[in-house]
Amino acid sequence: MSKIELLHQEVSVSPLTLGINHRGFHQTKKNHKYLKPMHFKDSFVVFYGHRIDWYGDMDQFKVLANKIIEDVKTDSNYGVKLLKDIDRLAKKIYELGNEILKKDLSKLSNKQLATNLDKLYQLGKDISDLGMIAVIPDLRHAILTTLLKEIVKDKINQYNINKQINYYFTPLITPTHRGLVHKEKITILKLVKKISLNRKLKQLFIKERISKLENKLINEYPLIFKEINKIYDNYKWLSFGQLGPTKTFNEYLEDIKIYLETNKYNQEYKSLIKESNILKKLHAKFNKELHLNSEEKLLFKTARNFSYNKTVRFDSLLFLFYVLDELLKEISKRVNLTVKDLRFASTEEIIKLLNNKKVINKLLIEKRRKLCITLIKGKDIEFLVGDKAKKYLKDKVGDLKIQEDKTLIHGMSAFLGKAIGTVKIVNSSKDMSKVKHGDVIVSVQTNPDLLPAMKKASAFVTDIGGITSHAAIVARELKKPCKEKLQLSQRQRMSPFPNYMSMECICKEMKDVVGYAYKEITLFFQNNNFWVFMDKQDHRRVGEGVLNRLKKEPDLFIKYAKLLKGYSKSFNKYINTYNKKSILSKLSDSKLASLHEGYEKRYK
């Protein structure tokens, strides 16, 4: 009997758009050249509006992951061949998508619209079918990540190297090739450099309101306006996600304005240009320092190829979703359903509607919107709604056990760095408006439509992920710290991150501050104490680390304590009592430990 477990969670999706991935994964046949004779099976997706839980046979998922990893070890060109196949399909998506966008859709017949929809959707399923190969080894179980980290850990111990695992791990899994987000950023920075050479134009960007800037550029600097508009046309869909919207022209103006105000564009541009060569040198250097053998080098190389593979698929699917939305806008005018309604239908149903066959209506759409489950039946998709969906979920999954006693938060480092900022919970494009520059984004899982907010943020924290996740890829693209796989939402079903709105986060390597807790993310809450996310076993361990550090270098601890002023009354009450160097330097280890013990009892 298959063991059904949660494989994946996502937000800002719909049955029609996520169906491209779901159906693409399941269209894998026994003659699939990368999985032969196996294939992905037995999964279903639960939709709570635009949020999903994707369940499947975890044991079979792990078998597939291990098969892929073993195949990589025996075929040195495995990752390269897969990437070529993905590139080929991505080009077909761009070609077909551009053909569709050039057409006047209002003049197409219903049959022509249906044909374009079917072709586009099939290409999406095809690239998801192949793209699954790069996803499976690391999606929920992080088998590939664990294997690669164990290799680095063993080498560090074997050769007595005085470095942390992530010092080697992050660069070794970072691909030298970059996606369209990177290309977009370089293009914008080139233009910013050009604008900065014209003092009057630079001041116009800095001083003028964004709402008036567009007209000023049209009238006074038409060539610059034309260049910005070209960037907008070429890249606006990169933040579309599955449901939209695209990035606006004014948001591009805002990007340019911020670069000019901060005056760091030259430094950032040079860094991005040199990045690929620096990474190549680091890969060679770390391979040598860690004494990696040929198989180990191949595993890291494939991990990099898988990561870039996923970037190529991500980018092409973003374009596909944007083009799909344009088709849906025209179709909606002809079938008496909105674009939002059509997203809760299948392509087969939409095509039948175009052929004047009434197979769905608004009442059925509303039932699906509240709760529905999608099942893959051969080449078709089946929807379960209402009581049938609830019964199916209970039969397959049972009642979810909530881990009320889980208090220690930790996760995987997807990209190292330091950041301090106010936490903003961002699970959909509707949440992006609350993100300000320097904030820390906390999300179940990031997706492409959150990209504008991610560019503003100083760091990312996600519930799930791996080295090939969207958050990890964007973190490496933007060089921002990222922690993943915290599994916070598992504590409370249907309400991920329930009480984190007032959270302040230091997302960094904490070695210099909290001793033994340096691998964790440390979170400070308003009206709560410093140890809030430490379980009983870790209270003393981390507390002793803090106090020992406090005794040796109190100024260091006071420095960080000042950053937290006002964030936690109980924490401040504690540090204000013992923050004088003259007192701390005289305290014995036993006295410091007893102070911690007293604090723990008082504020537990």
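With respect to Asp255 and Lys247, a salt bridge is recorded, a charged nitrogen being found less than 4.0 Å from a carboxylate O. Look at Lys230 and Glu227 and you find no salt bridge, because none of the NZ, NE, NH1 or NH2 atoms lies under 4.0 Å from a carboxylate O. A salt bridge does not link Lys92 with Glu95: none of the charged nitrogens is closer than 4.0 Å to a carboxylate oxygen. Between Lys352 and Glu348 there is no salt bridge, since none of the side-chain N atoms of the basic residue sits less than 4.0 Å from a carboxylate O of the acidic one.
A salt bridge (Lys or Arg N to Asp or Glu O under 4.0 Å) with Glu268 holds for exactly one of Lys190, Lys193, Lys274, Lys185; it is Lys185.
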Report task. Applying side-chain contact (heavy atoms from CB on, under 4.5 Å), run through His50 and Val13 and close with a yes or a no. Result -> CA-CA 5 Å; His50 292 294; Val13 296; 5.6 Å; no
Requested in this report: Evaluate the side-chain contact (heavy atoms from CB on, under 4.5 Å) criterion for residues Leu213 and Leu204: first the C-alpha distance (whole Å), next the side-chain angles of each, then the deciding distance (0.1 Å), finally the verdict.
Outcome: CA-CA 8 Å; Leu213 191 52; Leu204 177 65; 3.8 Å; yes
Requested in this report: Dump the intermediate steps for ring pair (Phe, Tyr, Trp, His ring centres under 6.0 Å) on Phe225 and Tyr232, then the final yes or no.
Outcome: CA-CA 10 Å; Phe225 172 81; Tyr232 168 71; 9.7 Å; no
Query raised in the report: Run the side-chain contact (heavy atoms from CB on, under 4.5 Å) check on Leu180 and Trp237 step by step: do they pass?
Result: CA-CA 11 Å; Leu180 291 178; Trp237 48 268; 3.5 Å; yes
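Using cut-offs of 30° and 60° for the angle between ring planes, the Trp54 and His22 rings count as perpendicular. Between Tyr94 and Phe319, the two ring planes are tilted [angle within 30° to 60°].
Between His283 and Tyr168, the gap from one ring centroid to the other reaches at least 6.0 Å. Taking the six-membered ring for Trp and the full ring otherwise, the centers of Tyr235 and Tyr252 sit at least 6.0 Å from each other.
Of the possible polar contacts, one joining the Asn355 side chain to the Ile351 backbone as a donor-acceptor pair under 3.5 Å is found. Without hydrogens or angle criteria, Ser458 side chain to Asp439 main chain gives a donor-acceptor distance under 3.5 Å.
In this structure, Arg368 forms no cation-pi arrangement with Phe344, as its terminal cationic atom is not both closer than 6.0 Å to the ring centre and no more than 45° off the ring axis.
Annotation for Lys236: atom NZ counts as buried by contact number, over 12 foreign heavy atoms lying within 6.0 Å. Around NZ of Lys362, the count of heavy atoms belonging to other residues, nucleotides or ligands within 6.0 Å exceeds 12. Within 6.0 Å of NZ in Lys103 there are more than 12 heavy atoms belonging to other residues, nucleotides or ligands. Within 6.0 Å of the NZ atom in Lys202, the count of heavy atoms belonging to other residues, nucleotides or ligands exceeds 12.
Listed by chain and number, the residues in a ring pair (Phe, Tyr, Trp, His ring centres under 6.0 Å) with Tyr308 are His177 (sequence neighbours excluded).
Gln122 and Asp126 are linked by a side-chain donor-acceptor pair at a separation below 3.5 angstrom, with hydrogens and angles left out of the test. No hydrogens or angles considered: nothing links the side chains of Thr248 and Asn250 as a donor-acceptor pair under 3.5 Å. With 3.5 Å as the limit, one finds no donor-acceptor pair spanning the side chains of Thr115 and Asp118. No hydrogens or angles considered: nothing links the side chains of Ser443 and Thr446 as a donor-acceptor pair under 3.5 Å. Counted by atom type alone, His182 and Glu184 present zero donor-acceptor pairs between their side chains at under 3.5 Å.
A distance of 8.5 Å separates NZ of Lys456 from CE of Met432, quoted to the nearest 0.5 Å.
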